[in-house]
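Scroll down for the structure; my scribbles are underneath it.
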Amino acid sequence: MKRILVLGAGFGGLQATIDLDRIFRREREIEILLVSEQNLFLFTPLLPEIASSYINPRHIVQAVRDIRGRRRFGFQRELVRAIDVSRRQVELASGTLSYDSLVVALGSRTDYLGVPGAREHTWDFKTLEDAVVLRERILDLCEHADHTADEAVRRQMMTFVIVGAGYTGVELVSEMHDFLFHYVVGRYRGISPAEIRLIVVEDAQEILRGVHPKLAKHAKKRLQVEGIEIRLGARATRCFPGGVEVNSSQIIPAETVVWAAGVRAHELVEALPGPHDRIGRAIVNEHLQLETHPEIFVVGDSAAAVTAPEAPRVAPVAIAHGRLAARNIAHLEKGEPLESYRYTSQGILISLGMNYAVVDIWGLKFSGYFAWLLWNAVHLFKLAGLKKQLQVAIDWWLAVVFPRDASIVRRPRRCKLCGTDAAQ
Ligand SMILES: Cc1cc2nc3c(=O)[nH]c(=O)nc-3n(C[C@H](O)[C@H](O)[C@H](O)COP(=O)(O)OP(=O)(O)OC[C@H]3O[C@@H](n4cnc5c(N)ncnc54)[C@H](O)[C@@H]3O)c2cc1C
């Protein structure tokens, strides 16, 4: 019996598993096993909408066992601790698993870029939990600011800094803007709109690096029209409770600093043998294999595939990698020549909050309401399963007709801000 082991049930790993299952469905001598630390698949493109109470967190995740349906691949919910490439074994909490072929699809992690205090004093935005916690943080601050008499303290509570103006930072700040200005204002009568500040701090001279300059410019203008402050050439140099220091000189007082600036490969990927790029991704050959270990394929955010132009770290690339890795494992099995990876852009869609998006797709670049409709349609289509599609579509519709949900689910604890009980 041979075992093909896939690590990580994200975009790349899940796609590889599903394709391997299809390719080898009649081969009873081949076991396909997916191992991931969580028993769900997270649709990350909709994470910013969780932070703004636009959609329900459960609606953008799907249990792996539901996705599996009648397929025959095995699934184990476990944390991978180490990969021993010389023994062809993976170490889990419950023991070791051996493999004949391995697909590494462990994604990426936040890189605090060595900025002092960033790890301790900023809010991460990568997982579903991060989004849920950030949502409650925003609401918690609103609850406090509403009855805080000191205007300066209130302003500090209502200042939100996002470090990093990539896709995540821009989509997140747009959602936060919608939530704060269209929901919070009016319901929290002690907070004036003039006291709410959203600031994006970006080291580069432009936002949305990698996006066509015309669209990036358009997006920047739109954010500024909405009143979001964009500070370019501004590097976060220190983070501390109550604020962030920029360019080693200027202090921005803010109770919430969200870190959306840096990404590094997973620790286990950095530990793989062979060359790595500057953010620790494993450099793979054109077939997505480790040059010294052809039985190991690395896909998605974990892989630096040598392509021109360089592929961005986005879901369609991870899916394409997963597909190719599955096909190449089958080719290896049959002694056939392997296929090479070629990056082709599937377009760029960036939501700038309710009713506005910028889009670069099928050779067309446009922005505005129709771009936003297209953004919605594409993301709804890409969500796995009719149930999730309906749930998200209904959430969107409900948000148009009814107010968003401002309930804080977690029970209060002593608040660091004002000494009273709070949800934080
Ligand atoms: C907030 C946010 C918004 C984004 N928006 C978009 C967007 O709009 N469009 C787009 O195309 N891309 C977007 N992305 C990027 C996209 O999510 C990634 O490029 C994609 O998820 C990469 O797929 P992957 O399979 O490499 O990794 P992931 O999808 O991250 O999957 C990694 C998997 O490995 C598992 N794992 C990690 N460590 C372990 C371990 N030790 N043991 C076991 N399992 C482990 C994880 O639980 C996860 O299931 C966004 C990302 C974020 C964070």
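Computed from a predicted model, the values in this text were never measured in an experiment. Along the sequence shown, the residues carry numbers beginning at 1. All values below were derived from every heavy atom in this structure, side-chain atoms included, with hydrogens, water molecules and symmetry-related copies excluded.
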S302 and H266: side chain to side chain donor-acceptor pair (under 3.5 Å), yes or no, with the steps? CA-CA 7 Å; S302 302; H266 195 285; over 6 Å; no

Side-chain heavy-atom pair [X], [Y] within 4.5 angstrom cut-off:
| X | Y | value |
| --- | --- | --- |
| V80 | E37 | no |
| P316 | F11 | no |
| L7 | V103 | no |
| R109 | E267 | yes |
| V263 | D301 | no |
| H293 | Q289 | no |
| I162 | I199 | no |
| L172 | V170 | no |

Give the ring-plane orientation class for W397 versus F402, where under 30° counts as parallel, over 60° as perpendicular and anything between as tilted. perpendicular

For Y341 and H321, take the angle between the two ring planes, folded into 0 to 90°, and tell me which bin it lands in: parallel under 30, tilted 30 to 60, perpendicular over 60. perpendicular

For residues 203-216, tabulate all N or O donor-acceptor pairs below 3.5 Å that involve a side-chain atom, not counting sequence neighbours.
residue : atom : partner : partner atom : Å
D203    : OD2  : R235    : NH1          : 3.0
R209    : NH2  : E202    : OE2          : 3.3
H212    : ND1  : K214    : N            : 3.1

Do R68 side-chain atoms and F73 backbone N/O form a donor-acceptor pair below 3.5 Å? yes

Donor-acceptor pair, side chain of H177 and main chain of E226, under 3.5 angstrom: yes

Could you check whether E270 pairs with R264 (Lys NZ or Arg NE/NH1/NH2 to Asp/Glu carboxylate O, under 4.0 Å)? yes

Do H287 and E339 meet the criterion of a side-chain donor-acceptor pair at a distance under 3.5 Å? no

Do the side-chain N and O atoms of E171 and S351 include a donor-acceptor pair separated by under 3.5 angstrom? no

